[in-house]
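Remarks on the structure that follows.
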Amino acid sequence: MALTDLPILGMLRTRMQWAQARQGLIAENVANADMPGFKPRDLADLRFDRATGAAVTASPGLTLTSPAHIAPSGQSEAGADAKGAKRFEIRPSGNAVNLEDEMMKAGDNQSDYQLAASLYQHSLTTLKIAIGKS
């Protein structure tokens with residue numbers, strides 16, 4: 001077994017990939033802030049099974065942010081993002097992007113990614129020290 005195949009490292013890699021995908025959606029939301037009728041999107045929170053370490057989300061796809069949205073096949077409204085339901089600003093053009101919210105999400109996402117990357121780096125360093133390959 002390679003060192004990088006350990007469950008904790010796999011979880012950290014999954015977390016970093018999730019953060020990268022979320023950053024892309026946040027950037028798309030900001031880029032379309034002036035597009036009439038555009039609804040912002042976000043990913044469902046990533047959770048891991050305590051026993052196996054596997055990601056629990058049904059799919060890495062998008063979540064429903066409003067009861068009026070059509071659910072993708074295989075996804076129910078139960079997986080809707082509760083944070084997205086707090087949106088109060090919808091412009092007359094139908095655009096619901098709030099730039100302040102998007103910037104807050106981008107900052108949080110960057111912090112999460114940096115934490116996961118730092119933990120990954122330190123875990124590899126610790127494992128190298130443990131096996132005598134410092």
Side-chain angles (χ1 to χ4, degrees):
M1 173 194 272
L3 287 179
T4 57
D5 291 339
L6 294 173
I8 187 69
L9 296 179
M11 291 169 61
L12 289 170
R13 271 194 315 269
T14 301
R15 182 66 181 188
M16 288 188 292
Q17 290 167 348
W18 179 86
Q20 287 175 335
R22 185 170 189 229
Q23 187 65 28
L25 281 177
I26 293 169
E28 182 181 319
N29 291 344
V30 171
N32 290 299
D34 292 330
M35 176 81 63
F38 185 81
K39 305 286 187 232
R41 301 182 299 174
D42 200 356
L43 293 179
D45 288 337
L46 183 64
R47 302 279 182 222
F48 293 99
D49 185 340
R50 286 182 181 252
T52 63
V56 177
T57 56
S59 69
L62 304 172
T63 62
L64 299 173
T65 56
S66 167
H69 293 169
I70 299 173
S73 60
Q75 183 178 350
S76 67
E77 290 183 12
D81 184 10
K83 293 181 220 169
K86 292 192 280 186
R87 291 195 172 85
F88 298 111
E89 275 187 40
I90 297 180
R91 295 187 201 120
S93 67
N95 188 305
V97 176
N98 184 335
L99 290 176
E100 290 83 10
D101 288 345
E102 297 303 316
M103 292 300 108
M104 292 293 292
K105 286 193 281 186
D108 291 342
N109 194 52
Q110 180 182 8
S111 297
D112 289 346
Y113 182 87
Q114 288 176 342
L115 175 64
S118 178
L119 287 171
Y120 191 86
Q121 173 79 33
H122 291 295
S123 296
L124 286 179
T125 302
T126 303
L127 289 170
K128 287 180 183 177
I129 291 170
I131 62 173
K133 290 188 176 183
S134 60

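Values below: every heavy atom of this structure, side chains too, minus hydrogens, waters and symmetry copies.
Side chain of Arg91 to backbone of Val97: a donor-acceptor contact under 3.5 angstrom is found. Of the possible polar contacts, one joining the Thr125 side chain to the Gln121 backbone as a donor-acceptor pair under 3.5 Å is found. Remark: the backbone N or O of Asn32 is paired with a side-chain donor or acceptor of Asn95 at under 3.5 angstrom. Using a distance-only test at 3.5 Å, with no hydrogens or angles considered, a donor-acceptor pair links the side chain of Trp18 to the main chain of Ala44.
One hydrophobic cluster, built from ILVMFWY side chains closer than 4.5 Å, holds both Phe38 and Leu99.
Remark: Asp101 CG to Asn29 CG distance equals 10.5 Å, nearest 0.5 Å. Interatomic distance, Leu43 CG to Leu25 CG, rounded to the nearest 0.5 Å: 5.0 Å. Taking CD1 from Ile8 and CE from Met11, the interatomic distance works out to 5.0 Å, rounded to the nearest 0.5 Å. To the nearest 0.5 Å, the span separating CG on Asn98 from CE on Met104 amounts to 11.0 Å. In this structure, the separation between CZ on Arg13 and CE on Met16 is 7.5 Å, given to the nearest 0.5 Å. With rounding to the nearest 0.5 Å, the separation of CZ in Arg22 from CG in Asp112 is 7.5 Å.
More than 12 heavy atoms of other shown residues, nucleotides or ligands fall within 6.0 angstrom of atom CE in Met103.
Evaluation of the side chain to side chain contact (heavy atoms under 4.5 Å, CB included) rule for Leu115 yields Leu119 as partners, not counting sequence neighbours. Contacts of Glu28 classified as side-chain hydrogen bond (donor to acceptor under 3.5 Å, both in side chains), with partners at least two apart in sequence or in another chain: Arg41. Residues meeting the side chain to side chain contact (heavy atoms under 4.5 Å, CB included) test with Ala106, sequence neighbours left out: Gln23, Ile26.
In terms of heavy atoms, Ser123 sits closest to Leu12 at OG-CD1, 4.3 Å. Of all heavy-atom pairs spanning Arg15 and Phe48, the tightest one is N-CZ, 4.4 Å.
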